[in-house]
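Quick notes on the structure that follows.
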Amino acid sequence: QISDFHLGQWLNKERLDHIIEMAVGLAPDYFILTGDYLEDLPSTYEEDLNTISHSFLKLSALCPTNAILGNRDHEINSNWVESSLSKAGVEVLRNSVNIIQRGTSKLHIAAVDDVRERMDRLDLVMEAHPEDGAAILLAHEPDFADVSAATGRFDLQLSGHTHGGQIVLPLLGPPLLYFPRWDGNSPVVFIISTTCYFIQIGGLVSQRLTPVSIVDRRSRFLHWNPPE
C-alpha cells in the first residue's frame, strides 16, 4: 500500500520516482494506492498529472495495481486524476469490487469512493460483493471503519488521509492518536463492540522522505505528514 502522495506539496517527481523504485524493489504481488495524489496547487496540476501517468507505469508494469480516490482528488478534479491513473495502467475502483483469483482461492478487493466528499456508496459495494471469501476494503478515510465493520464482511480496511501510520514506540508500545474528521474525532485503531477491527493507515508525504524504523515493517512506506 502507498498513499497520500500530495504531488506539488512536499513531493516532487524525483522523490516520487525514488519511492516507486523502492516499492518495485520489494517485488510485491499487488499494489494498492489509497488516494490524494495531488495537492491543491493549480500552477502544477498539468505537470503533476503527467507525472502520475508516467511514473506510476512502473507499478502496473510489475503487478496489478488498484487505486481509490481521496478527498483532494475530488476537490481538484476526480476525472483528471482518474484519467491519469488509467493512462498509467492503474485500475481505479469507485464503489466497486475487484476479485483476485489464484486457482480456487479468491481475494475480494472492495472499494468505496471518498467518504468526506459524500461519494461513498457502500450499498453498491455490498450488492457486488460475494457473501463469502477473504475481503479487503479500501476507504480513503480511516474512520469509515465504524460503518464497514458493522457489515461483518471485511477482514481488513486499508486507508490513508490521516497519514499517521501504525507507530510503535520503543518500550511504550503504540500510541492512540486522534485526528480531525468531518464529524468528530478518529482513532488510529478502532475498537468496535468487543472486536478489534484493524485499520492500516498509509501516509507517504513528509518534509523528509526517510524511512522510520519504528513504523510497522509490514508497511515500509509510511511517513509522518500533518493530517489534513
Side-chain angles (χ1 to χ4, degrees), residues 1-17 19-20 23 31-61 64-98 109-125 128 137-144 147 157-163 179-183 186 201-207 209 221 223 225-228:
Q1 178 199 7
I2 316 176
S3 190
D4 290 79
F5 301 82
H6 291 274
L7 275 163
Q9 185 188 35
W10 302 110
L11 195 68
N12 58 25
K13 185 179 187 303
E14 180 181 4
R15 288 179 172 179
L16 175 64
D17 287 343
I19 290 162
I20 288 176
F31 281 118
I32 296 293
L33 313 177
T34 45
D36 278 7
Y37 305 93
L38 301 181
E39 188 51 43
D40 190 11
L41 297 171
S43 62
T44 68
Y45 284 169
E46 183 175 0
E47 177 184 353
D48 295 335
L49 288 166
N50 286 332
T51 293
I52 290 172
S53 297
H54 292 89
S55 295
F56 285 20
L57 277 169
K58 298 174 185 176
L59 301 178
S60 62
T65 304
N66 280 159
I68 57 173
L69 303 181
N71 59 292
R72 278 285 191 268
D73 308 314
H74 282 282
E75 291 164 4
I76 294 169
N77 189 310
S78 60
N79 291 329
W80 292 354
V81 178
E82 182 172 2
S83 176
S84 293
L85 289 166
S86 296
K87 289 177 183 177
V90 176
E91 182 180 1
V92 179
L93 302 179
R94 301 178 73 169
N95 298 314
S96 57
V97 180
N98 188 22
I109 306 293
V112 291
D113 207 346
D114 192 70
V115 178
R116 184 170 182 173
E117 296 299 311
R118 302 185 186 280
M119 302 296 290
D120 58 300
R121 288 290 305 275
L122 184 60
D123 58 319
L124 297 180
V125 173
L137 179 70
L138 313 183
H140 181 66
E141 287 84 3
D143 42 3
F144 188 66
V147 177
Q157 178 176 311
L158 297 179
S159 298
H161 190 59
T162 51
H163 306 178
F179 300 97
R181 61 176 278 188
W182 60 95
D183 61 354
S186 162
I201 305 173
L204 181 64
V205 183
S206 78
Q207 296 184 29
L209 290 174
F221 296 99
H223 301 265
N225 191 54
E228 302 167 48

Q.
With rounding to the nearest 0.5 angstrom, report the CD1 to CD distance, Ile19 to Glu14.
A. 11.0 Å
**Q.** Euclidean distance, Asp4 CG relative to Leu11 CG, rounded to 0.5 Å
**A.** 11.0 Å
Q: Tell me, with the steps shown, if Asp73 and His140 meet side-chain hydrogen bond (donor to acceptor under 3.5 Å, both in side chains).
A: CA-CA 11 Å; Asp73 308 314; His140 181 66; over 6 Å; no
Q. Hey, does Arg116 have a side-chain heavy atom less than 4.5 Å from the side chain of His161?
A. yes
Q) Are side-chain heavy atoms of Ile20 and Lys58 found at a separation under 4.5 Å? A) yes
(Q) Using side-chain hydrogen bond (donor to acceptor under 3.5 Å, both in side chains), reason through His74 and Glu117 one step at a time and then give a plain yes or no. (A) CA-CA 7 Å; His74 282 282; Glu117 296 299 311; over 6 Å; no
Q) Which atom pair, heavy atoms only, marks the closest approach of Ala111 to Ile68? A) CB-CG2, 3.5 Å
(Q) Quick check: closest heavy atoms across Gln157 and Pro142, and the distance to 0.1 Å? (A) NE2-O, 3.3 Å
**Q.** Student check: side-chain heavy atoms of Asp48 and Tyr37 closer than 4.5 Å
**A.** no
Q: Quick one: list whatever passes side chain to side chain contact (heavy atoms under 4.5 Å, CB included) with Glu82, sequence neighbours left out.
A: Ser86, Val92, Arg94
Q: Taking the side chain as every heavy atom from C-beta outward, state whether Thr51 and Leu7 have any atom pair closer than 4.5 Å.
A: yes
Q) Step by step, would you call Glu141 with Val115 a side-chain contact (heavy atoms from CB on, under 4.5 Å)? A) CA-CA 7 Å; Glu141 287 84 3; Val115 178; 3.5 Å; yes
Q: Would you check if Leu138 and Ile109 make a side-chain contact, meaning some heavy-atom pair closer than 4.5 Å?
A: yes
(Q) Quick check for you: to the nearest 0.5 Å, what is the distance between Glu46 atom CD and Asn50 atom CG? (A) 6.0 Å
Q. Taking all atoms of both residues into account, what is the closest heavy-atom pair of Ala110 and Val97, and its distance?
A. CB-CG2, 4.0 Å
Q. Quick one: does Asp120's side chain get under 4.5 Å of Phe144's, heavy atoms only?
A. yes
Q) Got a second to check how far Leu69's CG is from Ile76's CD1, nearest 0.5 Å? A) 11.0 Å
Q.
Quick check against the 3.5 Å criterion: does Ser83 have a side-chain atom that pairs as donor or acceptor with the backbone of Trp80?
A. no
Q) Out of curiosity, Leu59 CG to Ile2 CD1, how far, rounded to the nearest 0.5 Å? A) 5.5 Å
**Q.** Nearest heavy atoms of Gly8 and Leu41, plus distance in Å
**A.** O-CD1, 2.6 Å
Q: Output, in order, the C-alpha distance, side-chain angles, deciding distance and verdict of side-chain contact (heavy atoms from CB on, under 4.5 Å) for Val90 and Leu33.
A: CA-CA 9 Å; Val90 176; Leu33 313 177; 4.3 Å; yes
Q. Would you call Glu91 and Pro64 a side-chain contact if the rule is heavy atoms closer than 4.5 Å?
A. no
Q | Asp113 (side chain) donor-acceptor with Asn95 (main chain) under 3.5 angstrom | A | no
Q. How about Tyr45 and Asp40: do any of their side-chain heavy atoms sit closer than 4.5 Å?
A. yes
(Q) Which heavy atom of Ser55 sits nearest to which heavy atom of Asp17, and what is that distance? (A) OG-OD1, 2.7 Å
Q) How far apart are the C-alpha atoms of Leu85 and Thr65, what are their side-chain angles, what is the distance that settles it, and do they pass the side-chain contact (heavy atoms from CB on, under 4.5 Å) test? A) CA-CA 10 Å; Leu85 289 166; Thr65 304; over 6 Å; no
**Q.** Closest heavy-atom pair and its distance - Gly89, Ser60
**A.** O-CB, 3.4 Å
Q: Determine, stepwise, if the pair Ser96 / Leu93 fulfils side-chain contact (heavy atoms from CB on, under 4.5 Å).
A: CA-CA 6 Å; Ser96 57; Leu93 302 179; 3.7 Å; yes
Q.
Tell me if a side-chain donor or acceptor on Asp114 pairs with a main-chain N or O of Asn71 at a distance below 3.5 Å.
A. yes
Q. Going by atom types alone, do Asn66 and Asn98 pair a side-chain donor with an acceptor below 3.5 Å?
A. yes
